[in-house]
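First the proteins, then the strands, lettered A, B, ... as listed; each starts at 1.
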Number of protein chains: 2
Amino acid sequence: MQSYRRQYADHMRKNKSMSTLILVFHPHLQNGSRVNARLIAELKAQGEEDITIRDEYAEYPNFAVNVDHEHELLEAADSVILQFPFYWYSSPALLKEWEDRVITAGWAYGGSYALRGKELKLVVTTGSGAAKYQKDGEYGRTMDELLSPFEVVAYKVGMEYAKPFLVQGTATITDDALDQAAADYVSAILD
Amino acid sequence: MQSYRRQYADHMRKNKSMSTLILVFHPHLQNGSRVNARLIAELKAQGEEDITIRDEYAEYPNFAVNVDHEHELLEAADSVILQFPFYWYSSPALLKEWEDRVITAGWAYGGSYALRGKELKLVVTTGSGAAKYQKDGEYGRTMDELLSPFEVVAYKVGMEYAKPFLVQGTATITDDALDQAAADYVSAILD
């Protein structure tokens with residue numbers, strides 16, 4: 001099944017010449033991350049040519065986002081993935097700065113729509129388990145609600161907001177569960 | 001009526017020795033802001049002694065938040081107000097960095113709860129009018145949903161999450177409506 005899905009995905013990608021841009025916002029992707037680093041490593045092992053993966057905190061340790069370069073990368077992509085660990089029920093700060101700087105009037109909205117029709121997919125890891133993020137769970141709010149600011153951004157710039165890919169309970173995830181999450185992540189990106 | 005409410009608020013504040021910390025996160029509070037600058041000016045004109053107002057972007061233009069100093073300010077406050085213009089349906093990036101840096105384990109949660117019992121109130125200005133932020137409005141999401149990450153932060157650290165004070169439609173707000181918003185803001189802070 002996995003094999004068939006993969007073949008089909010390859011077929012679709014070739015026909016559509018899909019290119020995927022993965023922007024990872026994790027302050028410690030190279031030195032500390034267990035889950036996000038593993039997901040990225042698993043994807044890189046696939047050797048897909050039309051996937052670009054960027055460690056944005058490594059690129060911009062002082063938050064000085066290069067807007068023109070980010071625009072070029074986004075314009076070249078068909079699918080944009082924003083990947084991050086949940087920090088205070090939202091993204092780490094650099095992704096917010098990236099939004100504030102990169103999604104400019106006259107380029108992404110307000111006359112010109114450079115991102116229109118592209119897919120936006122979030123990949124989010126949360127330390128707490130999924131059970132806490134329910135209406136009747138400890139936090140009383142769902143992931144859908146907590147991520148809603150990104151959904152409205154997608155609407156505003158004309159992107160297609162895909163179902164987020166979540167890995168939850170990372171604080172206590174077992175090696176086996178992480179293996180499975182990494183395989184699911186690769187499928188979610190490639191399919 | 002306003003006068004009576006004000007007297008009562010003064011009475012309550014004296015009895016409870018309430019001190020309020022207002023952290024404003026606006027990249028252009030001094031040079032560009034119309035609405036937030038006006039709200040702050042109106043409040044300062046009241047001359048209340050137990051209100052501290054901080055322009056956080058002026059304090060930390062390079063995002064280098066002084067965690068110890070922020071801890072001291074928060075510890076001295078009974079009520080904490082986070083005030084900001086809505087940027088991409090959330091706070092400007094510096095407030096997120098402030099959250100990521102300042103709300104530390106062992107101080108605000110996880111053993112010690114320095115913020116427990118304090119009030120957390122958001123003051124948010126939005127360029128678009130309130131009608132867009134409805135389930136059946138253009139954005140399809142309510143302010144309550146979009147601000148939900150802050151609500152869960154308050155829960156996590158044991159703060160009392162007050163009803164946010166909103167000024168909406170600031171892109172086209174009239175001088176008269178801004179006068180009224182400023183008066184309402186002062187009441188919302190002092191009462």
CA sep, side-chain torsions, deciding dist, call: B:Thr142, A:Glu145, side-chain contact (heavy atoms from CB on, under 4.5 Å): CA-CA 10 Å; B:Thr142 64; A:Glu145 289 172 307; over 6 Å; no

Evaluation steps, side-chain contact (heavy atoms from CB on, under 4.5 Å), between B:Phe63 and A:Glu97: CA-CA 10 Å; B:Phe63 283 67; A:Glu97 181 70 355; 3.4 Å; yes

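Residue-level contacts of residues 120-140 of chain B with chain A, in order of numbering, are B:Glu138, B:Tyr139; threshold 4.5 Å between heavy atoms. Residues of residues 86-96 of chain A that come closer than 4.5 Å to chain B, counting heavy atoms only, are A:Tyr87, A:Trp88, A:Tyr89, A:Ser90, A:Ser91, A:Pro92, A:Ala93, A:Lys96, ordered by residue number. Scanning residues 159-175 of chain A against chain B with a 4.5 Å heavy-atom cutoff picks out nothing at all. The contact list for residues 107-119 of chain A toward chain B, using heavy atoms and a distance under 4.5 Å, reads A:Tyr109 by residue number.
Follow the hydrophobic side-chain contacts under 4.5 Å out from B:Leu82 and you never reach B:Ile40; the two are in separate clusters. Residues B:Phe150 and B:Ile22 fall into different hydrophobic clusters, defined by Ile, Leu, Val, Met, Phe, Trp and Tyr side chains chained together at heavy-atom separations under 4.5 Å. Transitive grouping of hydrophobic side chains (ILVMFWY, heavy atoms separated by less than 4.5 Å) brings A:Val186 and A:Val35 into a common cluster. One hydrophobic cluster, built from ILVMFWY side chains closer than 4.5 Å, holds both B:Leu74 and B:Tyr60. Put simply, A:Leu23 and A:Leu190 are part of two different groups of oily side chains (I, L, V, M, F, W, Y) that touch within less than 4.5 Å, one to the next.
Taking all atoms of both residues into account, the shortest heavy-atom contact from B:Ser148 to A:Leu146 is OG-CD2, 3.5 Å.
Of the listed residues (B:Ile103, B:Leu147, B:Asn62), the one with the most heavy-atom contacts under 4.5 Å to chain A is B:Ile103.
Heavy-atom contacts from other residues, nucleotides or ligands closer than 6.0 Å to CZ of B:Arg38 number more than 12. Heavy atoms from other residues, nucleotides or ligands lying under 6.0 Å from CZ of B:Arg101 number 12 at most.
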